[in-house]
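What follows is a set of notes on a single structure, which appears directly below.
Every chain is numbered from 1 and lettered A, B, ... according to where its sequence line falls, protein lines coming before strand lines.
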Amino acid sequence: MQNPKQKSRQLALVDCNNFYVSCERVFRPDLINTPIVALSNNDGCVISRSNEAKALGVKMGQPWFEVKALAEEHGILALSSNYALYADMSNRVMSILHEFTPHQEVYSIDESFLELTGIQNLKSISYQIKQKVMKCTGIPVCVGIGPTKTLAKLANHIAKKHPRSKGVFNFNDLNESQKDSLLGKISVGEVWGIGRRLSQRLASYNVVTVQDLKLAHTATLRAQFGVVIEKTQRELCEHSCIELTEVEPAKKQIVSSRSFGQMVTDLNALKDAVSLFTANACQKLRAQNSHASMIQVFLCTNRFRPELPQYNPCISVPLPQPSNDTVHINRWADYLVGKMFKEGYQYKKAGIMLSEISASTHRQMDMWEPQEQADTNLMRTLDAINTRYGRGTVTVSTQGAYKSWQMKQERKSPNYTTDWSSAPEA
DNA sequence: TCTCCGATTAGAC
DNA sequence: CTAACGGTCTAATCGGAGA
């Protein structure tokens, strides 16, 4: 029996356009019409493109060195990613969206689902959302509305793609035959949850368009592709199976790792790098009020250079008791790096993973090992300073090895929103 | 045979 | 001049080990 309330559900997916690039443009309005891209860590790959850059054929995820010639030819400007800036802009956008409904799921740095069920004149509300976000943050967004998350996502895709929609598309406004014909024109790969591999495999079953997937034989689909796709199909049929998650669940594992700007051969540099990763991972752990009881540390050589000797060691250790103390966990991490390290390899990446994560509240305390209290105060202070003045302001130790592994970021914009000294001169 | 576990796969952004 | 290719996270699934 279908719940009649569910039928009239109105879910919006608000997605920022070309988010990282748009953030950069807020502080560099002179770049409004130039083709620009933002690069991943180490200036490795293109991860955000302005419309002009897309039009010139720059692909998402493309390695920068492949794009370089094209970029020089057409004057495409590349910027190193500035996550402090993007996170800050994201927070502003998300809090504005929150003003339109109490029921919001912040799905990613640039997307939010909003429950708008029961609200009248959705079209006008959607334009108000767009305008308010633009006015208050300078970030352009598109709004897609549908009866399920999957359809809201698809509606957003349509809003982005068709200029006539002016950035807003409501799937619920269509009649049945309009829906059929529209879904028949969109390829399955555009559906949330259907990636490249699945699209390819689906094609061999003659499932090519969204409409094909909607009408596919459910039992076969499930047998061949699993439960996830069955949910997706139901969502396309307007049966909501994926709920709004308004409170972000605590992470079950926390990884902090990074490729280095250069190859690293020195043990102390590796230890230095891992100690910073450990500090970041532990801060995330404390931010969600958790403790971890398993830590894993890994080193990697450069897999893109198969002619060089390869070595990718990885050790995990269970902690005697759960911890979120940077100093404590770093002692283990440091020890593990030393244990795994072998001369004669050029290391390109390292990292730490914290797992077996439990809530701090119901942590088993070991009655024979008191102490701790002093350390948690230290950690609180550390977090406060780093939150106030930026990540990495205070770290556990670094004897200057930093520069030998530091990320390559040759094209970073200033920290406009988090650093006074970066503010443009009046 | 059942269950548990780690590794692998696929997807998102 | 050359070499240069991200980082997190989750859920499902699979195959082997052990009960």
Side-chain angles (χ1 to χ4, degrees), chain A residues 13 15-21 37-49 58-69 71 78 80-81 83 86-87 90 105-113 149-150 153 156-157 160 188-202 222-232 241-242 245 248-263 273 277 280-281 284-285 288 294 296 298 300-308 312 314 316 318 346 348-357 407-411:
Chain A
L13 188 270
D15 192 318
C16 302
N17 303 345
N18 312 333
F19 183 57
Y20 294 175
V21 152
V37 299
L39 302 176
S40 65
N41 287 333
N42 281 305
D43 297 342
C45 300
V46 172
I47 51 173
S48 179
R49 307 158 294 160
V58 181
K59 297 279 171 277
M60 185 62 176
Q62 210 178 356
W64 170 239
F65 72 88
E66 276 179 29
V67 185
K68 221 166 180 176
S80 302
S81 45
Y83 282 102
Y86 310 148
S90 174
E105 172 181 345
V106 177
Y107 175 69
S108 75
I109 194 162
D110 76 329
E111 282 174 64
S112 234
F113 286 103
K149 280 179 154 186
T150 303
K153 272 246 174 200
N156 189 281
H157 166 79
K160 276 225 169 93
V188 254
E190 304 295 346
V191 175
W192 189 34
I194 311 291
R196 268 222 319 277
R197 294 281 176 82
L198 273 178
S199 312
Q200 243 190 346
R201 286 178 55 211
L202 284 165
R222 168 153 199 167
Q224 297 303 312
F225 301 93
V227 282
V228 179
I229 209 167
E230 191 188 344
K231 273 193 186 176
T232 300
C241 315
I242 308 174
T245 36
E248 199 188 341
K251 305 238 177 301
K252 297 173 179 177
Q253 60 175 14
I254 291 169
V255 180
S256 177
S257 78
R258 203 113 309 179
S259 301
F260 306 136
Q262 289 92 38
M263 306 271 226
F277 302 154
N280 292 155
K284 285 188 199 166
L285 195 58
Q288 65 166 38
M294 181 74 81
Q296 177 170 292
F298 57 90
C300 306
T301 47
N302 191 344
R303 67 197 163 93
F304 291 104
R305 299 283 302 276
E307 77 279 12
L308 297 177
N312 301 294
C314 161
S316 19
Q346 296 181 281
K348 180 62 179 169
K349 179 179 175 177
I352 183 164
M353 173 157 80
L354 307 178
S355 51
E356 311 270 283
I357 290 174
M407 270 202 289
K408 189 159 81 177
Q409 280 192 323
E410 290 165 351
R411 305 153 176 275

Point-to-point distance, once rounded to the nearest 0.5 Å, from CG of A:N302 to CG of A:N312: 10.0 Å

A:D110: what forms a side-chain hydrogen bond (donor to acceptor under 3.5 Å, both in side chains) with it, not counting sequence neighbours? A:S108

Aromatic plane relationship, A:Y83 with A:Y20 - under 30° parallel, 30 to 60° tilted, over 60° perpendicular: perpendicular

Those residues that, when tested against A:K160, pass salt bridge (Lys or Arg N to Asp or Glu O under 4.0 Å) (two or more places apart): A:D15

Looking at A:R258 and A:F277, would you say the former's side chain and the latter's main chain have a donor-acceptor pair under 3.5 Å? no

Counting distance only, does the side-chain N/O of A:S48 pair as donor-acceptor with the main-chain N or O of A:V21 below 3.5 Å? yes

Tell me whether A:E105 contacts the main-chain N or O of A:T245 through its side chain, where contact means a donor paired with an acceptor under 3.5 Å. yes

Are there any protein N/O atoms within less than 3.5 Å of an N/O atom in nucleotides 10-12 of chain B, and if so, which ones and at what distance?
from, atom 1, to, atom 2, distance (Å)
B:dA10, OP2, A:R197, NH1, 2.1
B:dG11, OP1, A:G195, N, 3.4
B:dG11, OP1, A:L198, N, 2.7
B:dG11, OP2, A:R197, N, 3.3
B:dA12, OP1, A:G193, N, 3.0
B:dA12, OP1, A:I194, N, 3.4

Looking at A:A78 and A:W64, what are the two nearest heavy atoms and their distance? CB-CH2, 3.5 Å

Pull out every residue in residues 249-256 of chain A that has a heavy atom closer than 4.0 Å to any atom of DNA chain C, ordered by number, or say none. A:K251, A:K252, A:Q253, A:I254, A:V255, A:S256

Hey, does the side chain of A:T150 reach the backbone of A:T232 with a donor-acceptor pair shorter than 3.5 angstrom? no

Walking DNA chain C from its 5' end, the first of A:R305 and A:F225 to be reached, judged by nearest nucleotide, is A:R305

Runs of at least three consecutive Watson-Crick or G-U pairs, both distances under 3.5 Å, are what I'm after; which ones involve DNA chain C? B:1-13 with C:7-19

Hey, which of A:N42, A:N41, A:D43 is the one that makes side-chain contact (heavy atoms from CB on, under 4.5 Å) with A:S81? A:N41

Regarding A:K231, tell me which of base, sugar-phosphate or nothing describes its non-hydrogen contacts under 4.0 Å with the strands shown. nothing

Span of DNA chain C in contact with chain A (heavy atoms, under 4.0 Å): C:dA3 to C:dT13

A:Q62 side chain to A:V67 backbone, donor-acceptor under 3.5 Å: no

Between the CZ atom in A:R303 and the NZ atom in A:K348, the distance rounded to the nearest 0.5 Å is 11.0 Å

dist A:I352:CD1 -> A:Q296:CD (nearest 0.5 Å) comes out at 9.5 Å

Mapping A:N42 and A:V228 to their closest nucleotides on DNA chain C, which lands nearer the 5' end? A:N42

Have a look at A:D110 and say if it touches a base, only the backbone sugar-phosphate, or nothing, with a 4.0 Å heavy-atom cut-off. sugar-phosphate

